[in-house]
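Just the heavy atoms: all of them, side chains too, but no hydrogens, waters or symmetry mates, feed the values below. We name chains A, B, ... by the order of the sequence lines, and we start the count at 1 in each one.
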Amino acid sequence: MRATNLYAPTLRETPADAEVVSHQLMLRAGMMRKSANGMYNFLPLGWRTIRKIEQIIREEMDAAGGQEVSMPILQPAEYWEESGRWAVYGAEMMRIKDRHGHEYCLGPTHEEMITALVRDEVRSYKQLPLLLYQMQDKFRDERRPRFGLMRSREFIMKDLYSFDKDEEGMNQSYKKMYDAYTKVFTRCGLTFRPVEADNGAIGGAHSHEFTVLAESGESLIAYCTKCDYAASDEKAELLPIPSVEDEIKPLEKAETPNTTTMEDVASFLQVPIEKTIKAVAYETEQGQLVLAFVRGDHEVNEVKVLHQAEGALELRMASEETISAVGGCVGYIGPIGLKEGTLVLVDATVMGMVNAVTGANEAGYHFKNVNPRRDFRNVIVADLRMVREGDACPYCGAPMKMTRGIEAGQVFTLGTKYSAAMHATFLDESGKEKPFVMGCYGIGVGRTMAAAIEQNNDADGIIWPRAIAPFEVVVVVVNAKNEKQLSCAEEIYSELRKTGADVLLDDRKERAGVKFKDCDLIGYPLRITVGPKALEEGIIEVKVRRTGEVFSLEKDNWLTRVQEILKNL
RNA sequence: CGGGACGUAGCGCAGUUUGGUAGCGCACCUCGCUUGGGACGAGGGGGUCGCAGGUUCGAAUCCUGUCGUCCCGACCA
């Protein structure tokens with residue numbers, strides 16, 4: 001490809017509405033343009049990178065036994081009604097009606113579609129395992145699309161679905177995908193971590209997120225400084241923190257006027273905040289009250305609370321009426337003296353506390369010397385708190401650290417959630433009808449591209465990992481009006497092409513500085529400069545974008561040397 | 001959905017307070033000159049000032065509504 005034929009409109013200035021560096025650089029480097037909120041056009045350079053990432057994914061999916069298919073984006077509501085998600089999915093799903101009034105959605109994911117496809121086709125265990133995938137635009141009407149490709153409303157996703165005859169098979173498929181994902185992100189040149197994750201609304205038992213480490217990421221992960229435990233913040237398991245032993249004192253009611261935060265209470269009663277127990281009141285979508293108690297200085301993990309509230313789909317802050325209905329008092333809620341049958345969840349750390357302070361369910365009063373083991377009745381004890389830096393690893397006890405990242409992929413086991421609901425069955429060895437045991441596995445292609453830029457850039461622009469660069473080599477003619485330079489560059493260009501290298505010839509009649517700036521901005525890993533210097537001295541001048549290293553190569557072996565240098569990028 | 005900010009040429013911005021008929025830099029087109037890190041000179045094209053009402057002799061500017069965009073939060077496979 002020649003730059004004179006390439007549509008790559010670079011911008012000298014950063015568009016004002018781009019916040020994160022990947023978004024800014026993709027716009028400036030002429031890789032994409034916004035069409036509307038959360039929707040983007042890919043220009044030739046950007047699309048080349050997208051296709052390279054897709055190809056890497058394709059190769060690894062195929063190597064793991066996957067087969068590529070293509071399903072419609074438009075999905076009939078009936079499938080979603082079978083799975084029960086038509087009602088549950090909410091405003092995030094783009095829904096449309098056809099001229100006859102039939103309802104459809106623009107696929108936010110394809111569990112229903114693929115389950116329907118496979119149930120009509122696969123009858124025997126002999127046809128399993130079956131791993132089908134596609135590359136396709138997905139639609140999610142995000143409340144707040146942002147950060148360019150990191151969170152958009154239409155985005156390209158590789159989604160693979162596994163069908164097995166039993167759990168063991170599913171776990172094998174899961175392992176295959178886990179390994180394939182590791183290969184994909186490694187080949188893309190990314191620094192990432194697979195972390196244990198919550199399955200969320202999609203259901204199932206196990207899940208890992210593949211998190212590309214980046215400060216601009218929206219995900220928070222916790223990882224052990226000693227062993228290899230790593231988990232998303234909402235998933236991270238925590239062991240109860242033992243309390244300091246103390247003589248158990250009798251329960252006492254104390255007047256604590258105008259103290260609605262735990263800090264107020266602790267300073268008023270002159271006890272450390274670690275001696276207090278705070279309440280967070282939620283209610284489910286059906287209006288059922290859920291009270292969660294954690295230590296005063298801890299944060300409640302809503303995902304963990306939701307898991308304890310059986311059958312609930314979502315939580316919101318409880319209304320004052322809901323709280324008073326069970327004998328609670330806003331600002332002074334405590335587990336003691338609530339109406340029988342109230343769902344009271346207590347964090348495991350709280351349960352071990354000694355002589356603590358908690359609300360007395362009466363305005364202006366708290367209990368002192370609360371000893372949960374002695375004083376709490378009918379409570380559910382669970383791990384409810386949110387991880388924070390320095391917490392002990394649940395496996396080896398070493399301190400954990402927190403870091404930010406971009407969730408580029410996620411793998412889930414689904415079990416029979418969809419196959420059972422949609423009656424997708426096969427006959428096993430004994431002729432018995434069984435639901436498929438499924439898994440699903442997604443990679444955000446555009447998000448992977450954005451993550452790569454977040455991780456690889458400097459003040460001059462993008463520094464592409466070679467595997468996903470729009471072109472891996474650029475040959476720059478310093479003065480394209482100089483025939484000698486141009487023909488020398490063309491020769492180098494065609495020699496490189498013969499080796500199968502992915503090369504761009506920058507033959508634009510611009511000043512050298514303009515071309516150099518563009519090359520740095522776009523981020524080609526390797527640049528070959530053809531100018532008077534190189535011509536006179538008879539050398540091939542090569543510059544590495546990432547390190548700035550310059551090589552002066554001899555005419556007789558330059559091609560081999562370029563290939564060597566490329567190999568290490 | 002709550003809070004905040006902003007919509008003026010492809011991009012970045014000034015002009016709005018105090019109403020008088022739109023400007024700067026970059027980019028673009030032509031010519032000249034220049035060619036190893038975003039040159040220079042001359043000439044030129046491009047904007048119903050987001051949209052719709054209203055006030056006024058007159059609105060980018062004041063008023064009302066509306067749409068869009070961005071940030072923070074909530075939310076999120």
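Counting non-hydrogen atoms of neighbouring residues, nucleotides and ligands closer than 6.0 angstrom, the CD atom of A/Glu167 reaches no more than 12 such neighbours.
Judged by distance alone, with hydrogens and angles left aside, the side-chain atoms of A/Asp141 form no donor-acceptor pair with the main-chain N or O of A/Met94 at under 3.5 Å. Using a distance-only test at 3.5 Å, with no hydrogens or angles considered, a donor-acceptor pair links the side chain of A/Arg404 to the main chain of A/Gly217. For A/Asp520 (side chain) and A/Gly523 (main-chain N/O), no donor-acceptor pair under 3.5 Å exists by modelled atom type. Not a single donor-acceptor pair under 3.5 Å links the side chain of A/Arg2 to the backbone N or O of A/Leu505. In terms of modelled atom types and a separation under 3.5 Å, the side chain of A/Gln136 and the main chain of A/Ile156 share no donor-acceptor contact.
Taking atom C1' on both nucleotides, B/rG7 is separated from B/rU66 by 13 Å, rounded to a whole Å. One P atom belongs to B/rA42, the other to B/rG68, and the distance between them is 45 Å to the nearest Å. When the P atom is compared between B/rU64 and B/rG10, the two are found 29 Å apart, to the nearest whole Å. Rounded to the nearest Å, the gap between the P atom of B/rG20 and that of B/rA60 is 9 Å. With both ends at atom C1', the span from B/rC49 to B/rC75 equals 36 Å, rounded to whole Å. Nucleotides B/rU21 and B/rG36 place their P atoms 47 Å apart, quoted to the nearest Å. Separating the P atom of B/rG12 from that of B/rA27 is a span of 15 Å, rounded to the nearest Å. Comparing the C1' positions of B/rG46 and B/rG41 gives an interatomic distance of 22 Å, to the nearest angstrom.
Taking atom CD on A/Glu218 and atom C1' on B/rC75, their separation rounds to 11 Å, with Å as the unit. Atom CZ of A/Arg143 is separated from atom P of B/rC71 by 17 Å (rounded to the nearest Å). Between A/Glu209 atom CD and B/rC76 atom P there is a gap of 14 Å when expressed in whole angstrom units. Whole-Å rounding puts the A/Arg151 CZ to B/rC72 P distance at 12 Å. When rounded to the nearest whole Å, the span between CG of A/Asp520 and C1' of B/rG37 equals 8 Å. Going from atom CD of A/Gln24 over to atom C1' of B/rC11 covers 13 Å, rounded to whole Å. Atom-to-atom, CG of A/Asn482 to P of B/rG36 comes out at 11 Å; the value is rounded to the nearest Å. Rounded to whole Å, the distance from CD1 on A/Ile528 to C1' on B/rG36 is 16 Å.
Heavy-atom distances to RNA chain B give each of A/Val530 and A/Glu407 a nearest nucleotide, and the one nearer the 5′ end belongs to A/Val530. Each of A/Gln410 and A/Thr10 has a nearest nucleotide on RNA chain B; the 5'-most of these lies closest to A/Thr10.
Residue-to-nucleotide contacts include a donor-acceptor pair under 3.5 Å from the side chain of A/Lys481 to the base of B/rU34. Side-chain atoms of A/Lys543 and base atoms of B/rG36 include no donor and acceptor less than 3.5 Å apart.
Contacts of A/Ser207 with the nucleic acid, taken as non-hydrogen atoms under 4.0 Å apart, are absent. Base contact: A/Arg527 has a heavy atom under 4.0 Å from a base atom. Nucleic acid contact for A/Pro9: none, since no nucleic acid atom lies under 4.0 Å from a heavy atom of the residue. Contacts of A/Gln485 with the nucleic acid, taken as non-hydrogen atoms under 4.0 Å apart, are absent.
B/rC6 and B/rG68 make up a base pair, with Watson-Crick or G-U wobble contacts both under 3.5 Å. Base pairing of B/rC24: its partner is B/rG12, meeting the Watson-Crick or G-U wobble criterion (both donor-acceptor distances under 3.5 Å). B/rC40 and B/rG32 make up a base pair, with Watson-Crick or G-U wobble contacts both under 3.5 Å.
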Steps toward side chain to side chain contact (heavy atoms under 4.5 Å, CB included) verdict (A/Arg545, A/Asp460): CA-CA 10 Å; A/Arg545 171 71 177 87; A/Asp460 292 320; 3.7 Å; yes
If you apply the rule side chain to side chain contact (heavy atoms under 4.5 Å, CB included), what do you find for A/Val118 with A/Leu132, and how did you get there? CA-CA 10 Å; A/Val118 168; A/Leu132 300 175; 4.1 Å; yes
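Between atom NZ of residue A/Lys555 and atom CD1 of residue A/Ile492 there is a gap of 6.5 Å, rounded to the nearest 0.5 Å. To the nearest 0.5 angstrom, A/Cys188 atom SG is 10.0 Å from A/Trp464 atom CH2. The distance from atom CD1 of A/Ile57 to atom OH of A/Tyr133, rounded to the nearest 0.5 Å, is 9.0 Å.
The side chain of A/Val514 approaches B/rA39 more closely than any other nucleotide in the set B/rC76, B/rA39, B/rG37. Minimum atom distance to the side chain of A/Glu92 is reached by B/rC76, of the listed B/rC76, B/rA39, B/rG12. In this structure, the nucleotide among B/rC75, B/rC76, B/rU35 sitting nearest to the side chain of A/Val478 is B/rU35.
Closest non-hydrogen pair, A/Ala452 versus A/Leu190, comes out as CA-CD2, 3.4 Å.
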Identify the pairs formed between an N or O of the protein and an N or O of nucleotides 67-70 of chain B at a distance under 3.5 Å, and give each distance.
| unit_1 | atom_1 | unit_2 | atom_2 | d |
| --- | --- | --- | --- | --- |
| B/rU69 | OP1 | A/Asn37 | N | 2.9 |
| B/rU69 | O3' | A/Lys34 | NZ | 2.9 |
| B/rC70 | OP1 | A/Lys34 | NZ | 3.4 |
| B/rC70 | OP2 | A/Asn37 | OD1 | 3.1 |

Sugar-phosphate means primed atoms, P, OP1 and OP2; the rest is base. With that split, encode nucleotides 25-32 of chain B 5' to 3' as B, S or - using protein heavy atoms under 4.0 Å. BSS-----
